[in-house]
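Take a look at the structure set out below.
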Amino acid sequence: MTNERVRVRVAPSPTGAMHLGLARTALYNWLFARQHGGVFILRIDDTDQERNQAEMLLPILEGLRWLGLEWDEGPDRGGPYEPYYQSQRKRIYQEAVEKLLACGAAYLDYATPEDIAREREQARQEGRTCRYSRRWMAETATERARFEAEGRKPVVRLKMPQEGGMVVEDLIRGRVEFDLALEQDHIIQRADGSFIYHLTSAVDDGEFQISHIIRAEEHLSNTPRQIFILQALGYKLPRFAHLPFVAEPGSKNKLSKRKLKEYLKKPEFNELMRRGEKIARRMGWTVNDDLFNPVVVDFYQRVGFLPEALINYLALLGWSLDDRTEFFTREELTRLFSLERVAKAPASFDPQRLLAFQVHYMMARSVAERVELVLPYLQGAGLVSSPPGDEEKMMVNRIVQAAGDRIKVAGDILDYEYFFLPDTGLAIDEKALIRWVRPEAQQAILRELLAVLGSVTSFDPENLIGLVDGLADKSGVKPMAVSQALRVALTGRDYGFAIVDCMLILGRERTISRIERALQGLAR
RNA sequence: GGCCCCAUCGUCUAGCGGUUUAGGACAUCACUCUUUCAAGGUGAAGGCACCGGUUCGACUCCGGUUGGGGCCA
């Protein structure tokens, strides 16, 4: 490679959501650009849809920003090759088409769809592969006039060479050869004047001086005709690197956001979705499958994943450094990433592994940081005031501390709603109450505890542990039964944090009031 | 249907001809720790799709088969 500047791009269509596959493609491009001191470009392939564009584009822009994949040129940012929206570049495409026509790399074609269908049918009957006969090709004014006299409308087709081969030296796949005899004369401009993807994509890659096209494998088969366009237009050819797909959990099909229902049959996928839905419900969000969908980056942002977790997971979905390193900072990725080490086979998306990365990065944050992450959810659910008071913050701090890695994503804090509810509003699990609190011996202990709690000089861990242990010793009730009785009284359930943590989170007053309430609940 | 791509534990992967009884991670299971639930600790189970070749030697190279996927039709 010469020392030309590295310029890479990612070219999403504004589809209203940011697919994980796009996120990974963007990441690899971004890493490659950063590593080479190059430029990462965001181009919007919106030739097909011009309505609601801003709205449909937003999730992608926000997703990229959230992941920290800032683009150097593109929407909201501009750059030397503006505009970066294909819908605004029609003049450039038109010029390109004229040029292709002028140099004989393309031609006007007056065949009707019926003509084409007929040719295809005939080819099928003769058992040969169909290639357009160019019967309605018009290269001279006379020919054009003749077809137009018949009332025909032209499309523009590429005039592909009909023999020989074309070789793509792919940076990931190596040498890939195509037989040009099998290539069609693809349409590049429709009768209505609109342009076909291959044309616009190739022209822009040329115009933007793209040095490396790093994109998904689905484009590999289209590469010859794009190279043909690029060459005919006299652009310097970029290098190509075709990434394997991000596949569905447990299959090699391409991951699709439209197949959510099917994926939900997979337990681990379902679990992730349920986790999200639980958070959404408590936050009072109305969600739709388009965005609140584990195939879409938005989902992770909303339920409280950490971008570094997603980045690390995505980086390893199809790339590896060696046989053991699994945690990478963004800087390390930038330094160590290489296309040579990108896998060739599709990699399926595994929600469990992603969650494992999330837990790792969550626990790498300090308690104070986790408190900040978690607070918006509590505020959103109306469990703490906005802004939170010092005491509320302290309580959240204790909960986060006590929860440890039970809080995997920030929204999981809402699992501990029961600490925030007013004591009178705490729902107590009936079965747990009967099992752990109803026995007379347990009730006696709780009553005794009540008597002492008010007078305990200081409400600190050692004192409380001593107190609870002492009661168990004295009464002869098993320690576990004592703590379970207390746990049920304080939290309404028979599982959760260490009992002393529960007491400290609630504080003296609320501890007392919750025990009283539990005992009253039994009396009823 | 034609062309192209791909193929190591359930999943992500390491392996670029001998150092491999195929290594790691996630998930799973067992045991352990634990005054609940998690977490932690220890360990186990689990894989080179198949068939030919090349080679003294093949997970690794070549060919084919099968399977999966993509593009075009």
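All chains are named by letter (A, B, ...) in the order of the sequence lines, taking the proteins before the strands, and each is independently numbered beginning at 1.
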Flag for [Y]-[X]: side-chain donor and acceptor within less than 3.5 Å:
X	Y	result
A:Asn312	A:Tyr361	yes
A:Asn222	A:Tyr197	no
A:Ser194	A:Arg190	yes
A:Tyr132	A:Asp109	yes
A:Ser133	A:Glu119	yes

Between the protein and nucleotides 5-9 of chain B, which nitrogen or oxygen pairs come in under 3.5 angstrom?
{"from": "B:rC5", "atom 1": "O2'", "to": "A:Arg173", "atom 2": "NH1", "distance (Å)": "2.5"}
{"from": "B:rC5", "atom 1": "O2'", "to": "A:Glu217", "atom 2": "OE2", "distance (Å)": "3.3"}

Quote, to the nearest angstrom, the [atom1] distance that separates [N] from [M].
N	M	atom1	result
B:rG69	B:rA58	C1'	27 Å
B:rC6	B:rU60	P	16 Å
B:rC59	B:rU8	C1'	7 Å
B:rG47	B:rU21	C1'	15 Å
B:rG67	B:rC62	P	22 Å
B:rU66	B:rU11	C1'	23 Å
B:rU36	B:rA49	C1'	48 Å
B:rA73	B:rG10	C1'	37 Å

Using the benzene-type ring in the case of Trp, are the ring centres of [X] and [Y] under 6.0 Å apart?
X	Y	answer
A:Tyr28	A:Phe337	yes
A:Tyr416	A:Phe497	yes
A:Phe349	A:Tyr263	no

With the criterion being N/O to N/O and under 3.5 Å, what pairs connect the protein with nucleotides 71-73 of chain B, and how long is each?
{"from": "B:rC71", "atom 1": "O2'", "to": "A:Asn222", "atom 2": "OD1", "distance (Å)": "3.0"}
{"from": "B:rA73", "atom 1": "O3'", "to": "A:Arg120", "atom 2": "NE", "distance (Å)": "2.2"}
{"from": "B:rA73", "atom 1": "O3'", "to": "A:Arg120", "atom 2": "NH1", "distance (Å)": "3.1"}
{"from": "B:rA73", "atom 1": "O3'", "to": "A:Arg120", "atom 2": "NH2", "distance (Å)": "3.2"}

- Candidate pair A:Leu321 and A:Leu316, rule side chain to side chain contact (heavy atoms under 4.5 Å, CB included), full reasoning: CA-CA 9 Å; A:Leu321 176 68; A:Leu316 254 19; over 6 Å; no
Whole Å only: how far is the [atom1] atom of [X] from the [atom2] atom of [N]?
X	N	atom1	atom2	answer
A:Asp501	B:rA39	CG	C1'	13 Å
A:Leu243	B:rC4	CG	P	21 Å
A:Arg24	B:rC12	CZ	C1'	12 Å
A:Glu248	B:rG68	CD	C1'	12 Å
A:Lys431	B:rC37	NZ	C1'	16 Å
A:Gln358	B:rA25	CD	P	21 Å

Heavy atoms only, 4.0 Å cut-off, all strands: where does [X] land among base, sugar-phosphate and nothing?
X	answer
A:Ala247	nothing
A:Arg435	nothing
A:Gly404	nothing
A:Asp494	base

- Query: Nearest nucleotide by nearest heavy atom, which residue falls closer to the 5' end of RNA chain B, A:Tyr313 or A:Ala403?
  - Reply: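 It is A:Tyr313 whose nearest nucleotide is closer to the 5' end.
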- Query: Does a side-chain N or O from A:Arg353 land closer than 4.0 Å to OP1 or OP2 of B:rG24, or not?
  - Reply: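 No, because none of the side-chain N or O atoms of A:Arg353 sits under 4.0 Å from OP1 or OP2 of B:rG24.
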- Give a yes/no answer on whether the side chain of A:Ser348 brings an N or O atom under 4.0 Å of OP1 or OP2 in B:rC12.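 For A:Ser348, the contact criterion (side-chain N or O under 4.0 Å from OP1 or OP2 of B:rC12) is met.
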Find the partner of [N]: check Watson-Crick (N1-N3 plus N6-O4 or O6-N4) and G-U wobble (N1-O2, O6-N3) distances, both under 3.5 Å, and reply none if neither fits.
N	result
B:rC16	none
B:rG1	B:rC72
B:rG63	B:rC51
B:rU11	B:rA25

- Task: Let me know which of A:Thr334, A:Leu67, A:Thr25, A:Leu333 forms a side chain to side chain contact (heavy atoms under 4.5 Å, CB included) with A:Trp30.
- Result: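 The side chain to side chain contact (heavy atoms under 4.5 Å, CB included) with A:Trp30 is passed solely by A:Thr334 among A:Thr334, A:Leu67, A:Thr25, A:Leu333.
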- Message: Tell me which one of A:Leu69, A:Ile214, A:Leu243 satisfies side chain to side chain contact (heavy atoms under 4.5 Å, CB included) with A:Asn29.
- Response: A:Ile214
- Message: Please pick, from B:rU13, B:rG2, B:rA14, the nucleotide with the shortest atom-to-atom distance to any side-chain atom of A:Leu182.
- Response: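 Nucleotide nearest to A:Leu182's side chain: B:rG2.
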- Message: Nearest to the A:Arg406 side chain among B:rG23, B:rA38, B:rA27, which nucleotide is it?
- Response: B:rA38
- Task: Kindly give the heavy-atom pair with the smallest separation between A:Arg134 and A:Tyr107, and that separation in Å.
- Result: CG-OH, 3.5 Å
- Message: A:Ser338 vs A:Trp319, test: side chain to side chain contact (heavy atoms under 4.5 Å, CB included). Steps then yes/no.
- Response: CA-CA 8 Å; A:Ser338 66; A:Trp319 173 85; 4.1 Å; yes
- Item | Among A:Arg406, A:Lys408, A:Lys278, side-chain hydrogen bond (donor to acceptor under 3.5 Å, both in side chains) partner for A:Asp415 |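 Exactly one candidate clears the test, A:Lys278.
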- Task: May I ask you to list the residues of residues 483-490 of chain A, by number, that have any heavy atom positioned under 4.0 Å from an atom of RNA chain B?
- Result: A:Ser483, A:Gln484, A:Arg487
